[in-house]
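Notes for the one structure printed next.
In what follows, residues are counted from 1 in the order of the sequence shown. On a predicted model such as this, the values are computed, not experimentally measured, just so you know.
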Amino acid sequence: MPKFSLVAPVYKVQGYLPECLDSVLGQDCTDFEIIAVDDCSPDGSGAILDEYAKRDSRIHVIHLTENVGLGRARNAGLDKATGDYVLFLDSDDTLSDGALSAIRDRLEATGDPEILVFDYARTYWDGRVRPNLRADLLKEKGPDAFSLAERPQLLDLLQIVWNKAYRRDFITRTGLTFPSGYYEDAPWTFCSLISAEQIAVLDRVCVHYRQRREGGNILKTVSRKHFDVFDQYGRVFDYLDAHEELAEWRGPLFRKMIDHYLTVLERPGRLPQNARAEFFHRASADYRARVPKGFTRPGGGRGIKYGMLERDAYTTMMSALRAVKLRQQVKTRVRTTLNRSKRVAMGAFYRSQRRLPLDENLVLFSAYWSRSVSCNPAAIDAELARLAPDMRRVWAVRAENADRVPKGVRVVRVGSREYWAALARAKYLVNNVNFADSVIKREGQIHVQTHHGTPLKTMGLDQQKYPASTDMDFEKLLERCDRWDFSISANQFSTVIWERVYPCSYTTLETGYPRNDVLVSATSADVRAARAALGLADGTKAFLYMPTHREYQPGFTPPLNLAVFARELGPDVTLLVRGHYFYGNSPHVDELRRTGRIVDVSGHARVEELYLAADALITDYSSAMFDYAVLDRPIISYVPDWDVYSAVRGTYFDLLQEPPGAVATTQAELLRLLASGAYDSPETTERRDTFRRRFCEFDDGHAAERVVRRVFLGEESLPPVVPFDERRHAPTPTQALELVERA
C-alpha cells in the first residue's frame, strides 16, 4: 500500500490539469497513488488523464458516466483509495515542491495523527502570491499531536478539505463521506475535526490554491444553489445529535453556521435579488431551532446582526446594510477628494520650490525606482563622501522601504514635501533608472544616468521591434532621457547601444560601473566577511543562482528544480537564490530554505557582497554575468528557454555562441557540469577571458572616482583606465581561506 492516496476530481480543467499532475509526479517523495476522477468532463481532461496513466502506473483514472459534482466525485475516488493517508487535491491547484516529503516527515514526527493540517497560499494569474492570512494558527508549538479542544482556534481556518491529510482508517471508522451540492466541505471538515483524537499541524505551504483570472469558483456565481448551505449545516447538527459525546461543540459550530449564513447573505454576487428575503428567513429559522442554551452573542456589529437574525428582522437588516454601504461610499468619495487635493497642493509646492535658487551642494540619489540604497548610485555616493565631504547627500526612498535603509543615510520619502523640495533644488540628480514623468528639469540641474547593467536583451527604442515585451510609450521614454546630462558606460559595447536606443544630447562617460569597484578592490577579509554574513562555512561550495525577469512569465518560477539541485550535489554545496528585483522574495524558495542548503538572498541589500561570497555564478540572461565576470570566477549559463527568450525579448548577441563560460540547456546537463567540475575548465576559462575583455573593458576599480571627479569636481583629466592585463580582482573564497591558513 502507498503512503498517500491523492484524490483529484476533474471537471473542465484541461488547461490546468497537466500542471496539477506534474506537481505531484515531480515530488521527491514517490510513495503515492493518484486517483483521478473524471466527472464526465466535456473537455479534453479525460484524455489527458488517460495519457498520463499510460506513462505512470501510480495514476488510476475513474471515468464517471454522468456528472455528479465535486462531493460525490471525491467519494468515488475515496472508495478506491489504498494509502495510509488520503489527501484531496483540486485539479486546478498544485502541490509545492517537496510537499509530500514534508507531510510524510511531519506525520512520522508527530506519531501518525488522524489529521495533519498544513498551510497553503493563493496564487494569481499575474504572478501574485497571497499567503494564508491565518497561517499563525499553524505554528508548531505545544504538543506534537492534540485534540481540537486543546487548540479550538483551528476552527477559524478556512474550512476546506485540501489542506489536510486524513488517516484512512480514521475516515473508515467515522464513516465520513461528502454530500452533494455547494459548501460540501463544511460537514466533512467540521465533523472530522471534532471527532479526531489526534491532530497535528505543519507550518509549511504545501498547496498553491489557484485563483483563476476567468473565475471558475462556483461559490462566486449568482444562484439559488447557495441555499445548499442549509442542508450542509443540517448534516453537521445531525452528526452532533448522533454523537452526544461531542455536545461541547454545539456552541462553536452554531457560531460558525451563523457566520457562514451571514457571509452568503452579505457577499455580492451569490444570491439572486429575489431570493435574499427567503434566504434570510430560512437562516432565522435555523438560528432559533439550533441556538444552544445560554449562548452569548458576539459583541459589536456582528452581534447586532445575530440579534436581527434571531428576531427574523429582514427589513431592519437590509436597511442597516444599505446604511453601511452608503457610509462606505461617502468615505471613499471623501478619501478621493482629499487625495486629489493633496496632489494639487503638492504640485503647487513643487512649483514654488522650483522658483528658489538651486542648492549647489545638494545631491539627490535614487535606485531601482526608489526601492533601495544600492547599485551604481550607492557607489558614487560613497566615493563622493570621500572626495567631496562638503556635499550633502540625500536618498529618495519609498515609504515602505525606508526601514531598510543603512544607518547614517539621510532619506526623503517619495511623495513627501521634503522629496519634492529636494527634486526642485538639488544641483545633482543621480539615478540608475529614470525619474518620474512629473519631474521637471531646471536650468542648471545635472542629471546622471548610471544605468544598472550591460544589455544582453534589447533596450529603449530597440524594444519597438519586440512589441510583446513591452507596452512602453516611447515618446515619453525619450522625454525622460532628454533630462540626462551624463550616461555612465562600462564598455564600448554599451556605449554604442545606449547612444542608439536613447538618442538624446547627453555626454557618455566611459568610466566603468562604480558598483563593480569593490569586485576589484575587495580583500580576503571582505570575502570572508561576505560569506560569514550568509552563514557559509569554510569549505562550502556556494553557487549564486540569479535568473532574470521574463516578460512572458507572470512571476518568479525558477526553471531550476531547487530540491533536486540540493539532493544531487550533496551537503557541501549551498545554492544562493536571488530572484529578479521585480519579484521580491519568492514563495518557492521559502519552502526550501529551512534546509540551510538553499538560501534565499532575494532581499539582500547589496548584490556585490553576494558576488564576493560565491564560488561561481549560475544565471541565464541577467546582466549579473557582466558584473560577476570582473571577479574572473566561473560563470554557468543555464538557458533552457533561449529560443523563446531571444524571440520574445530580442538580444544583442547569441549567448549560446558567445557565452562567459559553460552552457547548459537542461537541468540534467547543468547538474552534470556542476557535479563533474566541468564548468571550470581550460575551455570555459578561455571563453571567460574573451568575455571579460569585451564587457569589463573599463572596470578597473576606479569607476566611481572618475565619475565624481568629472561630474561633481569638474575635472576634465581623469585617472586613466588600468590596462587589462595589469588589473587585479578580489581573491576567490578558496584563496581567501588559504591566506588565513598561511597566516
Side-chain angles (χ1 to χ4, degrees), residues 339 342-343 345-354 356-442 445-452 480 483-484 486 488 513-515 517-518 533 578 581-585 601-610 704 707-708 711-712:
N339 289 339
K342 287 179 181 178
R343 286 195 298 272
M346 201 61 75
F349 175 74
Y350 181 42
R351 288 192 296 274
S352 71
Q353 290 293 303
R354 294 202 307 272
L356 298 176
L358 286 174
D359 187 332
E360 298 289 328
N361 290 316
L362 181 60
V363 187
L364 179 65
F365 293 94
S366 178
Y368 297 119
W369 296 274
S370 299
R371 287 186 175 91
S372 62
V373 175
S374 61
C375 194
N376 291 315
I380 295 171
D381 179 8
E383 186 66 9
L384 188 61
R386 186 180 74 87
L387 293 178
D390 56 322
M391 301 288 282
R392 297 196 316 284
R393 308 175 324 279
V394 178
W395 277 81
V397 177
R398 293 182 181 276
E400 63 267 26
N401 298 325
D403 59 344
R404 296 197 291 273
V405 171
K407 290 183 179 179
V409 175
R410 184 183 171 195
V411 168
V412 291
R413 300 191 180 209
V414 173
S416 67
R417 289 170 64 89
E418 293 79 11
Y419 169 76
W420 289 109
L423 277 172
R425 302 200 58 200
K427 170 76 172 182
Y428 303 95
L429 303 176
V430 182
N431 205 337
N432 68 354
V433 294
N434 272 311
F435 285 98
D437 291 343
S438 53
V439 174
I440 297 174
K441 183 183 180 183
R442 296 179 61 182
Q445 277 188 321
I446 295 176
H447 282 228
V448 181
Q449 171 57 252
T450 74
H451 304 282
H452 55 275
R480 293 189 290 271
R483 299 182 301 212
W484 302 354
F486 295 102
I488 307 301
Y513 269 163
R515 69 184 183 190
D517 288 349
V518 68
R578 186 176 180 87
Y581 60 82
F582 280 174
Y583 306 119
N585 288 335
V601 293
S602 301
H604 199 284
R606 295 197 61 196
V607 69
E608 295 80 22
E609 293 176 357
L610 303 178
V707 172
V708 170
V711 175
F712 300 94

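Using a 4.5 Å heavy-atom cutoff, the side chains of T450 and Y513 are not in contact. Looking only at side-chain heavy atoms (C-beta outward), I440 and Y350 come within less than 4.5 Å of each other.
Side-chain N or O atoms of R515 include one that pairs as donor or acceptor with a backbone N or O of H452 at under 3.5 Å. Within the 3.5 Å criterion, the main-chain N or O of V433 finds a donor-acceptor partner in the side chain of Q449. Looking only at distances, a side-chain donor or acceptor of R483 sits under 3.5 Å from a matching main-chain atom of F435. Proximity of a side-chain donor or acceptor of R425 to a complementary backbone N or O of P357 within less than 3.5 Å is detected. No donor-acceptor pair under 3.5 Å is formed between the side chain of D437 and the backbone N or O of R480.
Taking each heavy atom of C375 and E608 in turn, the nearest pair found is CA-OE2, 4.5 Å. The shortest non-hydrogen separation linking A367 to S374 is CB-O, 3.7 Å. Across Q445 and A424, no two heavy atoms sit closer than the pair NE2-O, 3.7 Å. Scanning both residues, S366 and N431, for their nearest heavy atoms gives O-OD1, 3.0 Å. The nearest pair of heavy atoms linking A704 to A379 is CB-O, 3.9 Å.
The CD atom of E360 sits 8.5 Å away from atom CE of M391, with the distance rounded to the nearest 0.5 Å. Residue L429 holds its CG atom at 11.5 Å from CG of N434, rounded to the nearest 0.5 Å. Distance CZ/R354 to NZ/K441: 14.0 Å, rounded to 0.5 Å.
Residues satisfying the ring-ring contact (aromatic ring centres under 6.0 Å, His included) criterion with H604, sequence neighbours excluded, are absent altogether. With sequence neighbours excluded, the residues satisfying ring-ring contact (aromatic ring centres under 6.0 Å, His included) with F712 are Y428. Residues satisfying the side chain to side chain donor-acceptor pair (under 3.5 Å) criterion with R442, sequence neighbours excluded, are absent altogether. The ring-ring contact (aromatic ring centres under 6.0 Å, His included) check on W484 picks up H451, Y502, Y506, with sequence neighbours excluded. Contacts of Y419 classified as ring-ring contact (aromatic ring centres under 6.0 Å, His included), with partners at least two apart in sequence or in another chain: none.
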Is there a side-chain contact (heavy atoms from CB on, under 4.5 Å) between L364 and V412 once you walk through the steps? CA-CA 9 Å; L364 179 65; V412 291; 4.0 Å; yes

side-chain contact (heavy atoms from CB on, under 4.5 Å) between I446 and K427, intermediate numbers included: CA-CA 6 Å; I446 295 176; K427 170 76 172 182; 4.1 Å; yes

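Other residues, nucleotides and ligands contribute more than 12 heavy atoms inside 6.0 Å of the CZ atom of R392.
Looking at N401 and R398, their side chains never bring a donor and an acceptor atom within 3.5 Å of each other.
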For residues 380-389, dump all side-chain donor-acceptor pairs below 3.5 Å to protein atoms at least two apart in sequence or in another chain.
from, atom 1, to, atom 2, distance (Å)
D381, OD1, R393, NE, 2.3
D381, OD2, W395, NE1, 2.8
E383, OE1, R386, NE, 3.3
E383, OE2, R386, NE, 3.2
E383, OE2, R386, NH2, 2.5

